[in-house]
**Student:** 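The structure that follows is given in the form of structure tokens.
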Amino acid sequence: MKNTTNTSSERRNFAMFQVRVSAREKALFAEAAAAARKSMATGAREHLEAAAIRD
């Protein structure tokens with residue numbers, strides 16, 4: 001039967017893996033938030049332009 005206890009190096013490697021993943025997730029989230037802000041700004045501008053044309 002295999003010993004399933006993690007060694008300290010395995011725990012350290014896993015911790016580093018989690019740090020790398022969370023950094024990548026943060027970057028993806030920041031990118032998605034920027035895209036959402038840009039699309040909201042575009043939508044608001046289009047709405048204002050349409051309202052100005054109707055006036």
**Student:** Give a yes or no on whether Glu31 atom CD has more than 12 heavy-atom contacts from other residues, nucleotides or ligands under 6.0 Å away.
**Tutor:**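 No, because the 6.0 Å sphere around CD of Glu31 holds 12 heavy atoms or fewer from other groups.
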
**Student:** Does Glu49 have any salt bridge (Lys or Arg N to Asp or Glu O under 4.0 Å) partners at least two apart in sequence or in another chain, and if so, which?
**Tutor:**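 Testing Glu49 for salt bridge (Lys or Arg N to Asp or Glu O under 4.0 Å), a comparison that skips the adjacent residues, returns Arg45.
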
**Student:** Quick one: side chains of residues 12-19, donor-acceptor pairs under 3.5 Å with protein atoms, not counting sequence neighbours, listed by atom name and distance.
**Tutor:**
residue : atom : partner : partner atom : Å
Asn13   : ND2  : Ser9    : O            : 3.4

